[in-house]
There are 2 protein chains.
Amino acid sequence: MSASEDLIASTRELLWERGYVGTSPRAIQQRAGVGQGSMYHHFSGKPDLALAAIGRTAEEMRAAAEARLSGPGTAVERITAYLRRERDVLKGCPIGRLTQDPDVIADPALRRPVEETFAWLRDRLAGVLAEGRDRGELAAGLDPVATACAVVAVLQGGYVLARAAGSAEPFGQAVDGVLGLLAAHARPGA
Amino acid sequence: MSASEDLIASTRELLWERGYVGTSPRAIQQRAGVGQGSMYHHFSGKPDLALAAIGRTAEEMRAAAEARLSGPGTAVERITAYLRRERDVLKGCPIGRLTQDPDVIADPALRRPVEETFAWLRDRLAGVLAEGRDRGELAAGLDPVATACAVVAVLQGGYVLARAAGSAEPFGQAVDGVLGLLAAHARPGA
DNA sequence: GTCTATAAAGAGATAGAC
DNA sequence: GTCTATCTCTTTATAGAC
């Protein structure tokens, strides 16, 4: 693989593990097995590298979500598939964690992909829920946008609870919790 | 106020704004208006100061939650009061954000207060929900523990969405979303 | 493209005077 | 208790040779 790709891969891992503030150019180079001069030849500095890494991660996250949400089944079944997909729960969400990085939030260029990813995800889930409601699978009174926000929030908050507890259990319980609440909105015979 | 208290207050602010990794002893001293020697006289170092600061913040957070959850009203009313209480949404949760700090999670002494705070909160909410169910306010099939996890997760995830968006709006929508779902479990005439 | 040298600034303390 | 001096390592680059 090219040095450039190795650097992006290394940056993606470190941003996930230690965040933007906790990741140094030096650590990125060492993990990538690439020298200092090479890094500054391909990228103008830490923000530039982070931008490339975040963009790549956001793209993959979106594709992974789309695969579950565009699959077969009812709205609730597709959302269940998305929520219960295999995850490395204790590592958390590689995009959501950037939200706690003051230097990412302060830099519009770095924050944009984070903002766009969650905006897309909320819209996509709201679309699935609206579809389910219009098909009669879900109660007519269900608010697709608010419910979609709650579903995404449960995921992101589930990671927080799991990391606090040092265990994936609260994540699973939180997911069970929303799905249980959502089931009460399902129309019989849908 | 004593130098010791000033240092704790300064550390609490900085941990909230920049996290553990992003906070230096030097920054703590400067914000507190306290010299280097003084800081190392009162505290053994950064971890020691952080421990004192986190403990104080956890205590306050717990008291604020207890005030709403032990108030009057039905289970859903008390949970609504807790979720809708005034918050500086874009600042996020001062305890939840520590969950993204690798050095906090790696240090058992620093992680303990974070773990205990969320464990207490989940239990407390589960208790309120179980009470509501037993009083007939909520459907008998509602799972108090899973639902409590989902409610706490919505809060923590709501902060994530708000910071990503640069706006408090998604937080409010996520809260509306869970409360809407919870309303479907409310027993008529409760 | 990649390497090594250099460097100003900050992180995170320790030592000892006052 | 608080202050200043000192110290080692890391951060985040830039410069110029190969």
Side-chain angles (χ1 to χ4, degrees), chain A residues 1-56 97-98 100-111, chain B residues 1-56 97-98 100-111:
Chain A
M1 196 57 78
S2 70
S4 179
E5 286 299 317
D6 286 345
L7 285 164
I8 291 177
S10 162
T11 304
R12 291 179 62 190
E13 291 175 14
L14 283 163
L15 285 182
W16 197 356
E17 293 168 18
R18 306 206 31 95
Y20 184 83
V21 169
T23 296
S24 69
R26 177 186 245 253
I28 291 170
Q29 295 152 25
Q30 288 180 341
R31 184 173 298 207
V34 158
Q36 199 131 222
S38 184
M39 186 194 111
Y40 282 105
H41 171 75
H42 292 288
F43 299 93
S44 70
K46 182 175 163 178
D48 190 28
L49 245 173
L51 187 60
I54 294 172
R56 202 68 72 82
R97 78 104 56 233
L98 297 172
Q100 304 301 327
D101 250 303
D103 294 356
V104 169
I105 294 306
D107 183 336
L110 293 179
R111 186 168 68 81
Chain B
M1 196 57 77
S2 70
S4 179
E5 285 300 317
D6 287 344
L7 285 164
I8 291 178
S10 162
T11 304
R12 291 180 62 189
E13 290 174 14
L14 283 164
L15 285 182
W16 197 355
E17 293 169 19
R18 306 208 30 95
Y20 184 81
V21 169
T23 296
S24 69
R26 176 185 248 253
I28 291 170
Q29 295 152 25
Q30 288 178 343
R31 184 172 298 206
V34 159
Q36 199 131 223
S38 185
M39 187 194 109
Y40 282 104
H41 171 75
H42 292 288
F43 300 93
S44 69
K46 183 175 162 178
D48 190 28
L49 244 173
L51 188 61
I54 294 171
R56 201 68 71 82
R97 79 103 56 232
L98 297 173
Q100 304 302 327
D101 251 303
D103 294 357
V104 170
I105 295 304
D107 183 337
L110 293 179
R111 187 167 68 80

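Within every chain, numbering begins at 1; the chains are lettered A, B, ... in the order of the sequence lines, protein sequences first and strands thereafter. Just so it is clear, the values below take in all heavy atoms, side chains as well, and ignore hydrogens, waters and symmetry mates.
Within residues 17-27 of chain A, the residues having any heavy atom under 4.0 Å from DNA chain D are, by residue number, A:Thr23, A:Ser24, A:Pro25, A:Arg26. For residues 28-42 of chain A, proximity to DNA chain C is found at A:Gly35, A:Gly37, A:Ser38, A:His41, A:His42, defined as any non-hydrogen atom under 4.0 angstrom from a strand atom.
As a whole-Å value, the separation of A:Leu7 CG from D:dT12 P is 15 Å. Rounded to whole angstrom, the span from the NZ atom of A:Lys46 across to the C1' atom of D:dT10 amounts to 12 Å. Distance A:Leu49 CG to D:dA13 C1': 13 Å, rounded to the nearest Å.
A:His42 places none of its side-chain heavy atoms less than 4.5 Å from the side chain of A:Val34. Within the 4.5 Å cutoff, the side chain of B:Phe43 has no heavy atoms near those of the B:Leu51 side chain.
Of all heavy-atom pairs spanning B:Ala53 and B:Leu15, the tightest one is CB-CD1, 4.1 Å.
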For this session: List the steps and the verdict of side-chain contact (heavy atoms from CB on, under 4.5 Å) for A:Tyr20 and A:Leu110.
Result: CA-CA 10 Å; A:Tyr20 184 83; A:Leu110 293 179; 4.0 Å; yes

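Take A:Arg56 and apply the salt bridge (charged side-chain N to carboxylate O under 4.0 Å, His left out) test, not counting sequence neighbours, and it matches A:Glu5. Listed by chain and number, the residues in a side chain to side chain contact (heavy atoms under 4.5 Å, CB included) with B:Ile105 are A:Arg163, B:Arg111 (sequence neighbours excluded). Under the rule for a side-chain hydrogen bond (donor to acceptor under 3.5 Å, both in side chains), A:Gln36 has no partner lying at least two apart in sequence or in another chain. Evaluation of the side-chain hydrogen bond (donor to acceptor under 3.5 Å, both in side chains) rule for B:Arg31 yields B:Glu13, B:Glu17 as partners, not counting sequence neighbours. Taking A:Ala27 as the reference, A:Leu14, A:Ser24 meet the side chain to side chain contact (heavy atoms under 4.5 Å, CB included) condition, with sequence neighbours excluded. The side-chain hydrogen bond (donor to acceptor under 3.5 Å, both in side chains) search around B:Arg12 returns B:Thr57, B:Glu60, not counting sequence neighbours. Scored by the salt bridge (charged side-chain N to carboxylate O under 4.0 Å, His left out) test, A:Asp103 finds B:Arg18 as partners (sequence neighbours excluded).
First and last contacting nucleotides of DNA chain C toward chain B (any atom under 4.0 angstrom from a heavy atom, 5' to 3' order): C:dA11 to C:dT14.
Each end of the helix from C:dG1-D:dC18 to C:dC18-D:dG1 yields a helix axis from five base pairs, and these two axes differ in direction by 0° (to the nearest 10 degrees).
Under a 3.5 Å cut-off, the side chain of A:Thr11 and the backbone N or O of A:Leu7 do form a donor-acceptor pair.
Applying the salt bridge (charged side-chain N to carboxylate O under 4.0 Å, His left out) test to residues at least two apart or on different chains, none of the pairs has a partner in residues 35-55 of chain B.
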